[in-house]
Amino acid sequence: MKQFILTALALSVSIATYSQKTDPSAAIDQYVKEVIKINQIPGLAVGVIKDNQIVFQRYYGTETLENDKKVDSNSMFRIYSTSKLMTNVGVFQLIEKGQLSLEDKISQYLDNLPKEWQDIKVKNLITHSSGLPNLIVFNDILPGDSNSKVIERLSREKMDFKTGNEYRYNQTNYFLLTLIIEKITGKPFESFILNNQFSDSKNQVVFSSNALEKIPHRVIKYNYNPEKKQYEKSTDIGGTRAHSANGIAITLPAFLKWSIHLSENDLLDQKTKEMMWQPFDFGNKKDVFAYGWDINKVNNIKSYSFSGGNVSAYRIYPQNNMAIIMMSNGYNQFPIYYRMVNHIAAMIDKNLTDTYSLAEETIISEFSKKNNPDAEKIYYSIKAKNPKWNFENTMNDTGYILLRNSRVDEAIKVFVLNVKENPQSANAFDSLGEGYFSAKNYVLALDNYKKSLALNPENTNAAKMIQKIEDLTKKK
């Protein structure tokens with residue numbers, strides 16, 4: 001069998017191999033190391049819980065790129081928006097105690113709110129259905145601004161949409177949840193979360209939304225600069241009001257304990273958890289989201305999750321009594337967090353195997369390898385086995401991953417393949433046009449943008465790019 005076929009089958013083989021073993025550790029470890037190699041991840045921690053027992057707990061790489069301090073059980077990873085899960089649990093703890101209701105209007109707890117905010121309820125904050133303007137998009141809102149000043153500034157903006165109608169991810173929602181929690185408890189938000197969810201691991205959790213703050217054992221997050229071809233330290237500063245949305249840094253052992261407590265109903269009783277994981281009834285009848293949690297389904301088995309900063313993810317499978325935690329400090333190709341979780345889940349329980357997702361992961365991974373001559377062959381081998389599967393979006397995403405990493409020629413090859421596979425797709429031709437434009441091949445860029453516009457006359461981007469290219473060529 002040729003090498004490219006072996007490579008294409010590697011992911012599915014790893015799952016099949018585990019089904020013949022009693023210990024998944026070796027197979028998971030091998031898979032994780034391959035992911036790290038492809039994505040050049042500086043540091044990583046992975047944990048798996050099954051039947052309330054830790055079945056996998058491993059550490060990889062270094063805490064920083066500036067020294068060789070290895071990631072270990074004391075390393076505290078910033079989990080960014082995965083912090084919202086702890087806030088969600090805190091809200092439902094107050095609901096369970098009868099101190100708060102999802103139907104409560106936020107004006108019951110917060111004073112001097114704009115008229116347009118008066119009918120917003122707690123449930124709209126936690127489901128991102130409030131319609132409030134998002135505080136992080138306004139550059140004049142500074143980390144040190146007072147809460148009243150932030151609310152006053154936001155009150156000058158129009159609502160984004162009718163409250164309850166749709167899902168739109170928004171940090172303002174969690175800023176207000178912080179204020180409500182503090183009003184009800186009379187305690188700082190951080191103390192409330194630590195005392196009620198991390199009483200047995202307080203020294204392994206810190207709150208800080210300041211990337212520049214020096215905290216012992218906190219892992220540094222890196223952003224890859226494709227132009228310089230190197231990692232750069234994150235410099236984000238959100239202030240204390242961002243703690244409920246993205247402020248937690250936590251060790252893997254502490255996160256694992258938290259997950260076990262959640263499963264064993266130590267944090268919330270079973271009925272409360274089931275209420276938290278119910279899908280919210282959005283007005284548009286399209287969006288799917290629970291009360292602070294993403295809802296996922298594989299083979300009709302539901303799981304609930306959230307991710308943060310493209311570097312962390314948590315997913316719990318109540319029906320399988322399983323949970324997976326992944327925390328890293330950067331990547332240089334593409335965010336892998338959910339794909340890793342999906343893959344590891346299938347290695348633990350074959351009933352959670354999402355074959356299409358695994359195929360997508362293979363395709364992206366193979367094309368992400370530098371000048372991999374077998375990538376296209378692997379793509380066609382997967383298609384041959386599953387002719388009804390369409391990978392247009394996957395290939396498009398892969399092309400843009402390469403484009404963002406200044407691998408223009410490789411990106412164009414992927415876009416060309418996508419056009420060949422999807423000759424009636426305006427989006428595929430539009431992306432190929434962008435690839436050629438990035439390569440300054442204006443003749444082919446113009447040709448593909450025109451083909452895209454012919455397939456979709458409403459493609460305003462193609463129309464703008466055609467005009468832009470024509471203006472550029474006229475100047476020459």
Side-chain angles (χ1 to χ4, degrees), residues 23-26 28-29 31-33 35-36 41-64 68-90 190-208 215-221 243 246-268 304-309 311-318 320-330 337 340-341 344-345 347-348:
D23 181 7
S25 297
I28 295 174
D29 182 62
Y31 163 69
V32 172
K33 287 176 178 175
V35 171
I36 290 172
I41 297 172
L44 179 70
V46 180
V48 181
I49 299 165
K50 185 75 173 77
D51 299 326
N52 297 327
Q53 299 294 318
I54 299 171
V55 297
F56 187 84
Q57 181 178 348
R58 294 283 177 91
Y59 304 92
Y60 305 86
T62 59
E63 290 185 350
T64 78
D68 58 358
K69 172 66 174 63
K70 298 293 185 182
V71 173
D72 59 26
S73 60
N74 295 312
S75 303
M76 290 188 287
F77 283 85
R78 289 192 66 186
I79 59 173
Y80 289 86
S81 287
T82 307
S83 306
K84 290 181 173 69
L85 295 184
M86 290 71 185
T87 305
N88 299 339
V89 170
E190 297 82 359
S191 297
F192 171 72
I193 297 298
L194 287 173
N195 291 335
N196 289 278
Q197 298 181 47
F198 297 101
S199 59
D200 55 357
S201 55
K202 288 183 182 180
N203 63 337
Q204 299 176 64
V205 182
V206 296
F207 281 89
S208 174
I215 299 173
H217 300 296
R218 188 174 72 165
V219 177
I220 292 175
K221 183 196 174 187
H243 284 181
N246 65 24
I248 288 181
I250 186 171
T251 67
L252 181 56
F255 208 156
L256 290 165
K257 283 183 181 179
W258 180 87
S259 181
I260 292 171
H261 285 315
L262 182 64
S263 294
E264 293 184 335
N265 300 332
D266 296 331
L267 304 180
L268 298 169
Y304 306 92
S305 64
F306 215 70
S307 64
V311 291
S312 75
Y314 173 80
R315 178 167 292 170
I316 185 169
Y317 304 79
N320 308 73
N321 200 7
M322 185 172 77
I324 299 173
I325 299 166
M326 174 265 174
M327 301 185 291
S328 74
N329 59 353
Y337 49 97
M340 282 188 70
V341 168
I344 292 171
M347 297 173 81
I348 299 291

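At least one side-chain heavy atom of E264 sits less than 4.5 Å from a side-chain heavy atom of N52. For the pair T82 and I325, the minimum side-chain heavy-atom distance is 4.5 Å or more. Side-chain contact between F306 and N88: absent, with no pair of heavy atoms (C-beta onward) separated by less than 4.5 Å. With a 4.5 Å cut-off on side-chain heavy atoms, V71 and L44 do not count as touching. Under the 4.5 Å side-chain criterion, counting only non-hydrogen atoms from C-beta, R218 is in contact with S208.
The CG atom of L256 lies 6.5 Å from the CD1 atom of I260; values are rounded to the nearest 0.5 Å. Distance check, rounded to the nearest 0.5 Å: OG of S191 to CG of N196 gives 10.0 Å. Atom CD1 of I348 and atom CG of N320 lie 11.0 Å apart (nearest 0.5 Å). To the nearest 0.5 Å, atoms CE (M86) and CD1 (I79) are separated by 4.0 Å. Atom-to-atom distance recorded for F77:CZ and I220:CD1 is 11.5 Å, nearest 0.5 angstrom. Interatomic distance, CG of L85 versus CG of L262, reported as 9.0 Å (0.5 Å rounding).
Partners of V205 under the side chain to side chain contact (heavy atoms under 4.5 Å, CB included) rule, at least two apart in sequence or in another chain, are L194, F198, I248, I250, A254. Considering only residues two or more places apart in sequence or on other chains, T87 meets the side chain to side chain donor-acceptor pair (under 3.5 Å) condition with none of them. For F56, the ring pair (Phe, Tyr, Trp, His ring centres under 6.0 Å) criterion is met by no residue, not counting sequence neighbours. The side chain to side chain contact (heavy atoms under 4.5 Å, CB included) search around S199 returns none, not counting sequence neighbours. Scanning for side chain to side chain contact (heavy atoms under 4.5 Å, CB included) contacts around K70 gives T62, with sequence neighbours left out. A search for salt bridge (Lys or Arg N to Asp or Glu O under 4.0 Å) contacts involving R78 returns D236, not counting sequence neighbours. Y304 is linked by a side chain to side chain donor-acceptor pair (under 3.5 Å) to nothing, counting only residues two or more places apart in sequence or in another chain. Applying the salt bridge (Lys or Arg N to Asp or Glu O under 4.0 Å) test to K69 and every residue at least two apart in sequence or in another chain returns E63, D72. In this structure, the side chain to side chain donor-acceptor pair (under 3.5 Å) partners of D200, at least two apart in sequence or on a different chain, are H261. For S307, the side chain to side chain contact (heavy atoms under 4.5 Å, CB included) criterion is met by A313, Y337, Y338, not counting sequence neighbours. Residues forming a side chain to side chain donor-acceptor pair (under 3.5 Å) with K221 (at least two apart in sequence, or on another chain): none.
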Mind running side-chain contact (heavy atoms from CB on, under 4.5 Å) on Y59 and L252 for me, showing each step along the way? CA-CA 9 Å; Y59 304 92; L252 181 56; 3.7 Å; yes
Can M326 and V35 be said to form a side-chain contact (heavy atoms from CB on, under 4.5 Å), step by step? CA-CA 12 Å; M326 174 265 174; V35 171; over 6 Å; no
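A side chain to side chain donor-acceptor pair (under 3.5 Å) check over residues 250-260, counting only residues at least two apart or in different chains, returns the pairs Q197-W258, Q204-T251, S259-Y314.
Between N246 and S83, the shortest heavy-atom distance links the atoms C-OG, 3.5 Å.
Not a single donor-acceptor pair under 3.5 Å links the side chain of D29 to the backbone N or O of S25.
Other residues, nucleotides and ligands place no more than 12 heavy atoms under 6.0 Å from the CG atom of D68.
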